[in-house]
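Keep in mind that the numbers below use all heavy atoms, side chains included, and drop hydrogens, waters and symmetry copies.
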Amino acid sequence: LVFGDGDTGFYEKGDDEIGISIAGSTEWRIGSVDFESESSTGPSLRQTGVSSTVPGLSPVRTDTNTGMGTAGADIISLIAGGTEVVRIPTTGINVTGHVTASGNISGSATSTGSLGKLKLPKVENNPGNPTLAFGDGNTGFYEPEDNVLRLSQGGSMTVDFGATYVESGTTYSFALK
């Protein structure tokens, strides 16, 4: 089935496959379980076996374990390397692994002010790499042990906040008023 000047149309590419040709070149292929780009870097849409770890939509057809799938009704799964890393149910967004953000993170204009609890994992958790870091990464807050919070500046511990004390970690002293 061709259109116009004859170099664009549909044809049987092979058994159970339809090719879509545009300007004389096959651009898309429709198979019994998928619809995909002929380009190895083009997308693929699959209709069988889709799950929370097997995508139905892959942005790159040759990367068959990365894309978007589903964990069930009303749930979108974002999959990387065969692992569900983001689950989007009707109740919100669930992330497995680390979240890195640049820019602002905020609530909606109608937010009541409660964004819930922000729990930061202990990664390196030291003065040179505090858990909650600012700027170049060596100034911020970290928890060296339970019930102790420390402030670091320039990679050095400067203030130690304990359950019953506040101490300076430098040669400078200060007073709480």
Side-chain angles (χ1 to χ4, degrees), residues 1 8-23 25-126 128-138 140-149:
L1 177 62
T8 298
F10 298 91
Y11 68 97
E12 184 177 26
K13 184 173 166 90
D15 287 344
D16 303 321
E17 288 186 340
I18 295 174
I20 301 174
S21 177
I22 300 172
S25 178
T26 303
E27 299 294 332
W28 297 92
R29 185 190 69 78
I30 302 172
S32 60
V33 296
D34 55 15
F35 175 62
E36 62 186 21
S37 170
E38 277 292 300
S39 169
S40 62
T41 58
S44 175
L45 180 64
R46 287 180 291 285
Q47 67 173 356
T48 61
V50 177
S51 70
S52 64
T53 58
V54 177
L57 174 63
S58 293
V60 178
R61 78 169 172 87
T62 56
D63 188 2
T64 59
N65 64 359
T66 298
M68 187 169 36
T70 184
D74 301 326
I75 301 171
I76 295 172
S77 299
L78 298 182
I79 305 156
T83 301
E84 181 186 50
V85 293
V86 176
R87 179 175 282 193
I88 307 172
T90 58
T91 56
I93 297 174
N94 305 314
V95 178
T96 301
H98 298 284
V99 176
T100 302
S102 61
N104 297 324
I105 299 174
S106 64
S108 70
T110 59
S111 174
T112 61
S114 174
L115 295 175
K117 180 179 180 180
L118 176 63
K119 185 174 181 180
L120 302 174
K122 291 182 183 179
V123 183
E124 287 188 39
N125 207 30
N126 60 54
N129 190 14
T131 304
L132 179 59
F134 304 96
D136 63 0
N138 64 2
F141 293 94
Y142 66 103
E143 182 187 32
E145 59 189 80
D146 287 345
N147 303 317
V148 175
L149 180 66

Is there side-chain contact between [X] and [Y], with heavy atoms separated by less than 4.5 Å?
X: I93; Y: V86; result: yes
X: D63; Y: N65; result: yes
X: W28; Y: S37; result: yes

Show the nearest heavy-atom pair for residues [X] and [Y], with the distance to one decimal.
X: Y142; Y: T131; value: CB-N, 3.9 Å
X: P130; Y: G137; value: CD-O, 3.2 Å
X: G19; Y: K13; value: N-CB, 3.9 Å
X: T66; Y: P59; value: O-CD, 3.6 Å
X: S39; Y: R61; value: O-NE, 3.1 Å
X: R46; Y: P55; value: NH2-O, 3.0 Å

Under 3.5 Å: donor-acceptor pair, side chain of [X], backbone of [Y]:
X: T26; Y: I20; value: no
X: T70; Y: G72; value: yes
X: Q47; Y: G56; value: no
X: S58; Y: P43; value: no
X: S51; Y: T53; value: yes
X: S52; Y: S77; value: no

[atom1]-[atom2] distance between [X] and [Y], expressed to the nearest 0.5 angstrom:
X: I22; Y: E38; atom1: CD1; atom2: CD; value: 11.5 Å
X: R29; Y: D34; atom1: CZ; atom2: CG; value: 4.0 Å
X: E12; Y: L1; atom1: CD; atom2: CG; value: 13.5 Å
X: N94; Y: L78; atom1: CG; atom2: CG; value: 11.5 Å

| D74, CG: over 12 other non-hydrogen atoms inside 6.0 angstrom |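 Incorrect, the count does not exceed 12.
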
| request: Apply the test side chain to side chain contact (heavy atoms under 4.5 Å, CB included) to residues E84 and T96: give CA-CA distance (whole Å), side-chain angles for both, the deciding distance (0.1 Å), then the verdict. | output: CA-CA 7 Å; E84 181 186 50; T96 301; 5.8 Å; no

